[in-house]
Asks: 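Dumping the structure here so I can ask a few things about it.
Computed over heavy atoms, backbone and side chain alike; hydrogens, waters and symmetry mates excluded.
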Amino acid sequence: MNQTSQIPDHTKKEEEEEERARFEWDFNLSTVISSAAGDAGATLSDAIGVVEFDQSGGFLATGGIARKIRIYSTEKSLKSEEIDGERSGVRFLDHTAACEFYMCTPAKLSSLKWRPGSGSRVMGSGDYDGVVMEYDLEKRVPVFERDEHGGRRVWSVDYSHWDPIIGASGSDDGTMQMWDPRCEGGKCLASVQPNRAIRSPVCSVEFNPFGGPVVAVGCSDRRIYGYDVRGMSDPVFVLDGHQKAVTYTRFLDSQTMVSSSVDGCLMMWHTEERRVVRTYRGHVNSRRFVGLSVWSDGGLLSCGSENNQVFVYDKRWAQPIWVRGLESMGRVQCEPGFVSGVCWRQTGDGRCMLVAGGSDGVLQAFEGQRK
């Protein structure tokens with residue numbers, strides 16, 4: 001008997017999907033943005049902690065140790081130049097020339113989020129001093145401040161995707177708080193301590209961007225808690241599978257979530273069935289926040305690594321489909337560099353863009369094309 005005929009159809013289909021996942025995309029470096037040559041002080045003080053595209057994909061914001069929110073235009077500074085429809089090579093820019101503008105902040109930044117419905121005008125931030133702020137980027141002034149986490153670092157900020165918009169923040173104080181950004185000081189709508197036994201730091205919060213009333217909370221106790229915002233007394237699901245602290249959570253679709261942990265792996269979960277669908281390994285992550293971003297339309301995941309590389313995974317394949325080391329730009333550092341933030345541009349079909357920021361303050365943009 002033909003051995004091939006004995007393989008079930010669903011198994012052959014899975015193998016074909018995995019094979020496509022491994023070889024479906026090409027990525028090329030398009031732009032490198034770093035501090036000006038000769039700026040010796042721009043090392044640790046310029047470390048990028050968060051990279052965030054706006055909803056249109058037209059602008060990119062970065063924040064970190066430098067106490068600045070920098071705004072870049074995708075068209076002007078990140079895309080590769082083309083001559084007669086062909087890429088003309090990698091562009092090397094410095095932050096001063098590439099940045100549209102920047103705003104100074106009172107503290108180091110750990111989280112940035114564009115506020116939905118603001119026309120890319122309002123940016124929310126969470127900082128090392130435990131304060132949540134909003135900035136009017138058009139007027140370039142702060143317009144909102146909330147200091148309700150007892151001075152403990154705010155790791156993550158997010159906004160709901162319904163009207164009226166509500167905000168959420170997660171902190172080292174072990175709480176996830178939801179608040180109304182329309183009220184001065186941010187009226188607290190709900191506050192939960194996911195781990196009721198101990199105050200386990202909350203590292204990530206994300207509202208489901210695909211509809212539904214769920215907010216996901218990733219904690220250092222290795223678990224992910226899902227809450228229905230209409231009743232916050234108990235979680236509607238708890239996902240337990242990581243071996244160490246959960247650093248990021250990202251929805252891939254309405255019932256699928258990807259999480260990152262300092263156990264060195266990503267996990268994709270089916271939230272309704274409370275089970276792990278796939279575990280992704282290859283990057284190095286044992287002690288730092290290295291970023292996590294998902295491109296839902298393309299089914300691609302990306303994260304940084306403590307060996308200064310950026311990794312791309314296809315959701316259908318457990319191994320990385322593309323790995324690239326970041327350019328060091330000749331910097332001398334006390335410790336080895338690492339990739340500290342990544343973000344997909346959520347537009348396009350057969351083409352995509354991934355931006356990665358490093359602990360040395362260097363920003364690099366990659367353009368991908370489906371083969």
Asks: Please test Arg223 against Asp240 for salt bridge (charged side-chain N to carboxylate O under 4.0 Å, His left out), starting from the C-alpha separation and ending with a verdict.
Replies: CA-CA 5 Å; Arg223 299 180 181 89; Asp240 190 352; 3.4 Å; yes

Asks: Do the side chains of Met353 and Val51 join up, straight or via other hydrophobic residues, at under 4.5 Å, putting them in one cluster?
Replies: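 Looking at the clustering, Val51 is in the same group as Met353.
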
Asks: Strictly distance-based, threshold 3.5 Å: is any side-chain N or O of Ser110 a donor or acceptor partner for the main-chain N or O of Gly126?
Replies: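 Checked: pair present.
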
Asks: Are Met232 and Ile224 linked, directly or through other ILVMFWY residues, by side chains that come within less than 4.5 angstrom of each other?
Replies: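 Hydrophobic grouping puts Met232 apart from Ile224.
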
Asks: So if you build clusters from Ile, Leu, Val, Met, Phe, Trp, Tyr with side-chain heavy-atom gaps below 4.5 Å, do Ile166 and Val215 land together?
Replies: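 They do share one cluster, since a chain of ILVMFWY contacts under 4.5 Å joins Ile166 to Val215.
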
Asks: Would Arg70 and Asp46 satisfy salt bridge (charged side-chain N to carboxylate O under 4.0 Å, His left out), going step by step from the backbone distance to the final call?
Replies: CA-CA 11 Å; Arg70 288 189 172 112; Asp46 241 6; 3.7 Å; yes

Asks: List the steps and the verdict of salt bridge (charged side-chain N to carboxylate O under 4.0 Å, His left out) for Lys79 and Glu367.
Replies: CA-CA 8 Å; Lys79 283 190 173 182; Glu367 291 181 294; 5.9 Å; no

Asks: What do you reckon, is CD of Gln193 surrounded by more than 12 foreign heavy atoms closer than 6.0 Å?
Replies: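 Enclosed: over 12 neighbouring heavy atoms sit under 6.0 Å from CD of Gln193.
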
Asks: Counting only N and O atoms by type, is there a donor-acceptor contact under 3.5 Å from the side chain of Ser125 to the main-chain atoms of Ser111?
Replies: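 No.
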
Asks: Do side-chain atoms of Thr247 reach the backbone of Phe289 as a donor and acceptor pair under 3.5 angstrom?
Replies: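 Absent.
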
Asks: More than 12 foreign heavy atoms under 6.0 Å from CZ of Arg370: is that the case here?
Replies: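 Result for CZ/Arg370: enclosed.
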
Asks: Given 3.5 Å as the limit, does a donor-acceptor pair link the side chain of Ser305 with the main chain of Asn308, or not?
Replies: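 The answer is no, because no donor-acceptor pair under 3.5 Å joins these two groups.
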
Asks: Has the side chain of Arg345 got a donor or acceptor atom that lies under 3.5 Å from a matching backbone atom of Gly57?
Replies: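 Yes: the side chain of Arg345 pairs with the backbone of Gly57.
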
Asks: Going by atom types only, do Thr249 and Ser204 share a side-chain donor-acceptor pair under 3.5 Å?
Replies: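 Per modelled atom types, Thr249 and Ser204 side chains form a pair under 3.5 Å.
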
Asks: Do Leu112 and Val157 have side chains that get closer than 4.5 Å, going by heavy atoms?
Replies: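 No, too far: nothing below the 4.5 Å cut-off.
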
Asks: What are the two closest non-hydrogen atoms of Pro320 and Phe311, and how far apart are they?
Replies: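 Looking at all heavy atoms of both residues, the shortest contact is CB-CD2, 3.7 Å.
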
Asks: Is there a donor in the side chain of Gln346 and an acceptor in the side chain of Ser296, or the other way round, less than 3.5 Å apart?
Replies: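 Gln346 vs Ser296: no donor-acceptor pair found between side chains.
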
Asks: Linking I/L/V/M/F/W/Y whenever any side-chain heavy atoms sit under 4.5 Å apart, do Val276 and Leu301 land together?
Replies: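 Looking at the clustering, Leu301 is in a separate group from Val276.
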
Asks: Apply ring-ring contact (aromatic ring centres under 6.0 Å, His included) to Phe237 and list each qualifying residue two or more places apart in sequence or on a separate chain.
Replies: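 For Phe237 there are no ring-ring contact (aromatic ring centres under 6.0 Å, His included) partners, ignoring immediate neighbours.
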
Asks: Mind checking whether Phe53 and Leu78 have side chains closer than 4.5 Å, heavy atoms only?
Replies: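 In contact.
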
Asks: Assess the side chains of Ser120 and Asp54: does a donor N or O sit below 3.5 Å from an acceptor N or O?
Replies: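 Per modelled atom types, Ser120 and Asp54 side chains form a pair under 3.5 Å.
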
Asks: Within a strict 4.5 Å, meaning less than it, do heavy atoms of the Cys203 and Tyr248 side chains meet?
Replies: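 They are not in contact (no side-chain heavy atoms under 4.5 Å apart), so the answer is no.
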
Asks: Is there a donor-acceptor pair under 3.5 Å between the side chain of Ser260 and the backbone N or O of Leu292?
Replies: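 Such a contact is absent between Ser260 side chain and Leu292 backbone.
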
Asks: Test your reading of the model: is there a side-chain donor-acceptor pair from Ser220 to the backbone of Ala245, 3.5 Å cut-off?
Replies: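 A pair under 3.5 Å: no.
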
Asks: Does either side chain, that of Glu306 or that of Asn285, offer a donor lying less than 3.5 Å from an acceptor on the other one?
Replies: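 Their side chains do contain a donor-acceptor pair, which is all the 3.5 Å distance test asks for.
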
Asks: For Lys139, is the NZ atom crowded, meaning more than 12 foreign heavy atoms sit under 6.0 Å from it?
Replies: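 No, NZ of Lys139 has 12 or fewer neighbouring heavy atoms, counting only those of other groups under 6.0 Å.
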
Asks: List the steps and the verdict of salt bridge (charged side-chain N to carboxylate O under 4.0 Å, His left out) for Lys108 and Asp127.
Replies: CA-CA 6 Å; Lys108 301 172 185 177; Asp127 68 30; over 6 Å; no

Asks: Do you reckon Leu29 sits in the same ILVMFWY cluster as Leu300, going by side-chain contacts under 4.5 Å, direct or chained?
Replies: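 Yes: a chain of side-chain contacts under 4.5 Å links Leu29 to Leu300.
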
Asks: Are the charged groups of Glu24 and Lys371 less than 4.0 angstrom apart, N to O?
Replies: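 Between Lys371 and Glu24 there is no salt bridge, as every charged N stays at least 4.0 Å from the carboxylate O atoms.
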
Asks: For residues 176-215, which residue pairs qualify under ring-ring contact (aromatic ring centres under 6.0 Å, His included), counting only residues two or more places apart or in two chains?
Replies: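 ring-ring contact (aromatic ring centres under 6.0 Å, His included) check on residues 176-215 returns Phe144-Trp179, Trp162-Phe207.
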
Asks: With ring centroids as reference points, do Tyr313 and Tyr280 lie under 6.0 angstrom apart?
Replies: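 Yes; Tyr280 has its ring centre under 6.0 Å from that of Tyr313.
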
Asks: Is the backbone N or O of Val141 less than 3.5 Å from a side-chain atom of Asp136, with the two atoms forming a donor-acceptor pair by type?
Replies: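 Not confirmed, Asp136 side chain does not pair with Val141 backbone.
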
Asks: To the nearest 0.5 Å, how far apart are CG in Leu239 and CE in Met257?
Replies: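 Between atom CG of Leu239 and atom CE of Met257 there are 6.0 Å.
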
Asks: Can you name the one residue among Trp322, Trp344, Phe27 that meets ring-ring contact (aromatic ring centres under 6.0 Å, His included) with Phe366?
Replies: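 For Phe366, the ring-ring contact (aromatic ring centres under 6.0 Å, His included) test succeeds with only one of Trp322, Trp344, Phe27, which is Trp322.
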
Asks: Just checking, any donor-acceptor pair under 3.5 angstrom between side chains of Arg146 and Gln177?
Replies: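 Yes - a donor-acceptor pair under 3.5 Å links their side chains.
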
Asks: Enter the distance from Arg121:CZ to Trp114:CH2 here, rounded to the nearest 0.5 Å.
Replies: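 Going from CZ on Arg121 over to CH2 on Trp114, the span is 13.0 Å.
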
Asks: Please indicate whether Glu273 has more than 12 foreign heavy atoms, meaning atoms of other residues, nucleotides or ligands, lying under 6.0 Å from its CD.
Replies: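 Correct, the count exceeds 12.
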
Asks: Glu52 side chain to Cys343 main-chain N or O, any donor-acceptor pair under 3.5 Å?
Replies: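 Absent.
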
Asks: Is it the case that the side chain of Ser118 and the backbone of Arg115 share a donor-acceptor pair, with hydrogens and angles ignored and the cut-off at 3.5 Å?
Replies: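 Such a contact is found between Ser118 side chain and Arg115 backbone.
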
Asks: For the residue pair Ser359 and Ser340, confirm or rule out a side-chain donor-acceptor distance under 3.5 Å.
Replies: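 No.
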
Asks: Kindly write out the residues that satisfy side chain to side chain donor-acceptor pair (under 3.5 Å) with Gln243, not counting sequence neighbours, or none if the list is empty.
Replies: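 With neighbours one apart ignored, the set is empty.
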
Asks: Verify whether one side chain among Ser34 and His95 offers a donor that lies under 3.5 Å from an acceptor in the other.
Replies: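 Per modelled atom types, Ser34 and His95 side chains form no pair under 3.5 Å.
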
Asks: Which one of Thr175, Asn195, Val217 satisfies the side chain to side chain contact (heavy atoms under 4.5 Å, CB included) criterion with Val202?
Replies: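 Result for side chain to side chain contact (heavy atoms under 4.5 Å, CB included) with Val202: Val217.
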
Asks: How long is the gap from CD1 on Ile71 to CZ on Arg140, to the nearest 0.5 Å?
Replies: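 The distance works out to 9.5 Å.
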
Asks: Between Thr256 and His270, do the side chains contain a donor N or O and an acceptor N or O under 3.5 Å apart?
Replies: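 Note: His270 and Thr256 side chains miss the donor-acceptor criterion.
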
